[in-house]
Amino acid sequence: MLEATATANVIVDSELRSSLAPVSLRGVRKSFGVGEAHVDVLHNIDLDVRAGEILLLVGPSGCGKTTLLSVLAGVMDPSAGEIEVFGQRIDRMSQGEKSVFRRDHIGFVFQQFNLVSTLTAAENAAVPLLIRKQPYKTAVQKARAYLSLLGLGDRADFLPAELSGGQQQRIAIARALIGEPKLLVCDEPTSSLDWESGRQIMELLRDFGRKEDRAVIVVTHDSRVFPYGDRIARMIDGRISELKRNGHFKETL
Amino acid sequence: MIRVALKMLLGDRSRYGTLLIGLTAVAFLFVQQGSVFSGIIERIAKPIVEVGAPIWVCDPKLQSIDDSKPLSDTDLQRVRSVPGVKWAVPLFLRTAQVRLSDGSFQTVRLFGIDDYSLVGRPREMLAGATSGLLNPDAVIIGQAESERIGNPRIGDTFELNDHRAVVVGIAKVSRDYASNPYVYTTYNRAISFVPAQRKQLNFVLVAPKGGFSPEAIAAQIRGATGLGAYSLDGMRRLSIGYYLHNTAIPVNFGLGLLMTFLVGISVVGQTLYAFALQNERFTAGLKAMGTGDRTLVLMSITHGLTVGMVGLAIGGGAACFFGYATGGGTGKLAYHTSWQLMAITFVVVVVVCVLSSLFSVRRVLRLEPAVVFRA
């Protein structure tokens with residue numbers, strides 16, 4: 001009887017974890033090079049990212065934050081371990097399947113914005129829809145609407161070089177959100193921005209991440225954005241050394 | 001994404017300009033060199049086209065129109081007796097020497113046409129009439145290259161192989177491969193102009209009876225007489241084939257065109273590769289966002305083909321204008337731009353663009369999307 005209850009508990013816990021943890025990493029390792037050049041960058045990482053939260057990945061340079069972000073977003077293969085994103089094991093997917101999965105479920109915000117200098121703001125924001133083969137006109141129209149929501153309606157036809165760093169990052173966020181992804185991964189989204197622009201960006205990310213079927217993971221060095229994270233995972237030498245709640249979440253590591 | 005690819009290309013003016021210059025040069029050189037080659041090859045057969053007889057009978061071992069292997073006079077009668085032959089007339093075609101006023105000599109191409117029918121006479125007279133050939137010592141001069149013999153006019157006389165020749169007409173003719181002036185006279189007078197030989201008849205010109213094709217009658221003449229017999233087109237091909245197989249013309253032009261192709265590939269390939277390197281970060285971003293390899297290949301090929309087609313239009317157009325400006329093929333420069341040449345150039349430009357694009361695509365395909373996260 002006790003055994004049956006324990007099994008039921010495990011199942012319930014597993015289902016609960018699945019529903020609560022859109023991103024789940026178990027024993028994830030990543031190493032580069034062979035022989036003397038062999039370097040272990042990630043050591044047996046276990047991590048759950050919960051629905052509706054913003055998780056900040058922080059730590060010193062070279063500690064493996066960006067590698068972890070790359071691995072959990074499916075843009076880099078882990079050396080070992082399991083990675084489940086919204087119930088799908090991306091570590092088992094082929095490159096083609098991962099590409100489609102990223103297209104349909106993950107939004108990206110890059111440190112250097114990564115906007116095409118020869119495309120207008122609206123065209124840059126529309127790129128994920130164009131990748132999904134939506135008609136150009138429809139995609140750009142939708143991008144204009146997103147830019148208006150982000151306060152850049154009057155800048156839709158500007159080239160990136162004609163905009164400030166904050167405005168460029170907002171275009172990058174519009175691009176990340178336009179495909180309505182469930183998971184948003186952001187690499188140092190505020191590092192090139194002044195504090196006011198960085199604050200606006202973090203508020204946008206927080207607004208996006210508040211919904212129950214979504215999650216946001218932000219790699220950052222910028223301590224000023226820490227208040228925007230629901231939890232903060234501190235990394236040192238390829239390990240999560242500390243995972244603590246930051247505000248309304250009650251659980252800690 | 002094709003539109004994005006085009007905007008990426010057209011927005012980068014320096015790279016676009018470099019690519020365009022490279023492909024314009026490739027297209028221009030290919031069409032220009034190809035046109036000169038075609039022009040020279042076409043001129044090899046100009047005497048055949050000028051005479052215009054449907055069937056040419058000659059020695060079976062004849063290699064080209066410029067080859068001289070005379071027939072017996074009786075061969076003319078043998079040809080006339082072949083069923084299906086409507087008429088057969090002699091043609092004397094050989095080179096002769098004109099003595100110029102300064103004492104020097106100029107080689108000319110001497111056409112001796114049938115005294116009675118004047119078959120093989122010039123088609124268009126600029127001055128005088130072909131019937132003037134019936135006068136004593138009469139010759140007609142082709143205007144092209146006539147400056148080499150002092151631009152003679154009607155009534156002028158000159159020495160042709162130590163014989164007096166009187167100009168009775170000026171004809172519009174094409175320039176030939178050897179750039180020799182054309183001199184027309186009657187068959188019997190032509191024979192008197194050149195040193196006597198046992199056999200003087202070079203060709204028998206034949207027309208088939210109605211309902212027979214020149215090819216069929218040519219085959220019949222071959223079978224019945226053992227002589228060589230070709231339709232006009234067959235004679236053209238024989239002569240052109242001789243020059244293609246026995247001279248350095250195709251090798252020289254071929255090497256030039258090959259170099260154009262290789263230089264084009266290296267310039268365009270390097271530029272597209274540099275373009276791919278420059279856009280590596282954005283390409284990695286596109287891969288991260290879920291762009292498939294097929295789309296990236298398509299984008300890269302779009303870059304190559306777009307500049308290729310614009311370059312082909314500009315370069316090909318410029319080469320055509322070059323030909324027009326230099327006389328349109330009737331001037332000194334042998335120049336003939338055919339649709340086949342344009343089609344070949346199109347294929348070459350496409351191959352250059354696709355190969356160059358694939359050269360840079362390899363890098364794009366190997367690119368790990370995680371590059372986008374590197375600082």
Side-chain angles (χ1 to χ4, degrees), chain A residues 30 61 65-71 73-77 95-96 98-120 123-124 126-137 139-140 159 172 175-176 178-179 181 185-188 191-192 219 221, chain B residues 1-20 271-272 274-300 302-303 306-307 310 360-375:
Chain A
K30 179 67 186 176
S61 291
K65 305 185 296 290
T66 300
T67 304
L68 179 59
L69 190 73
S70 301
V71 166
V75 295
M76 187 185 280
D77 295 328
Q95 293 301 329
K98 268 195 266 196
S99 179
V100 172
F101 184 80
R102 292 195 303 266
R103 184 193 70 189
D104 294 341
H105 300 297
I106 304 177
F108 292 87
V109 178
F110 309 110
Q111 184 178 358
Q112 301 296 331
F113 318 139
N114 222 38
L115 302 174
V116 184
S117 59
T118 54
L119 298 183
T120 64
E123 287 168 334
N124 266 296
V127 163
L129 300 182
L130 298 173
I131 293 173
R132 292 179 192 183
K133 301 193 188 319
Q134 284 200 15
Y136 175 84
K137 210 170 172 179
V140 171
L159 293 172
R175 181 180 63 189
I178 198 166
V185 293
C186 312
D187 183 34
E188 305 276 9
S191 67
S192 316
V219 163
H221 265 112
Chain B
M1 291 304 286
I2 296 301
R3 200 157 171 166
V4 170
L6 286 175
K7 285 214 161 193
M8 284 171 72
L9 172 73
L10 301 178
D12 188 344
R13 291 191 180 175
S14 63
R15 294 255 185 252
Y16 179 59
T18 309
L19 283 168
L20 201 53
T271 312
L272 279 176
F275 188 68
L277 273 181
Q278 182 187 304
N279 288 306
E280 197 168 69
R281 200 175 186 86
F282 178 71
T283 308
L286 282 180
K287 282 186 110 170
M289 287 188 271
T291 307
D293 286 347
R294 225 176 104 188
T295 305
L296 291 171
V297 171
L298 204 61
M299 288 174 75
S300 192
T302 299
H303 290 155
T306 302
V307 282
V310 177
S360 58
V361 152
R362 281 176 60 233
R363 186 174 180 89
V364 170
L365 293 181
R366 286 179 184 170
L367 185 67
E368 203 179 344
V371 165
V372 75
F373 286 126
R374 286 182 200 146

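Within every chain, numbering begins at 1; the chains are lettered A, B, ... in the order of the sequence lines, protein sequences first and strands thereafter.
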B/Thr295 vs A/Ile131 side-chain heavy atoms within contact, under 4.5 Å: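 They are not in contact (no side-chain heavy atoms under 4.5 Å apart), so the answer is no.
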Can you tell if the side chain of A/Val116 reaches within under 4.5 Å of the side chain of B/Lys7, non-hydrogen atoms only?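 Of all side-chain heavy-atom pairs linking B/Lys7 with A/Val116, none is under 4.5 Å.
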If you round to the nearest 0.5 Å, how far is [atom2] of [Y] from [atom1] of [X]?
X        : Y        : atom1 : atom2 : value
B/Tyr16  : A/Thr118 : OH    : OG1   : 13.0 Å
A/Gln95  : B/Lys287 : CD    : NZ    : 8.5 Å
B/Thr283 : A/Asn114 : OG1   : CG    : 9.0 Å

Quick check for you: among B/Ala288, B/Gly292, B/Ala284, B/Gly11, which has the greatest number of heavy-atom pairs under 4.5 Å with chain A?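 That would be B/Ala288.
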Side chain, backbone, both or neither of [X] within contact of chain A (heavy atoms, under 4.5 Å):
X        : result
B/Leu286 : both
B/Thr291 : both
B/Asp12  : backbone

Which of A/Arg102, A/Arg175, A/Arg132 touches chain B most, by non-hydrogen pairs under 4.5 Å: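 That would be A/Arg102.
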Structural part of A/Lys133 lying under 4.5 Å from a heavy atom of chain B: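 Only the side chain of A/Lys133 comes within 4.5 Å of chain B.
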Heavy-atom closest pair, residues B/Gly290 and A/Arg103: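 Distance-wise, the nearest heavy atoms are CA-CB, 3.8 Å.
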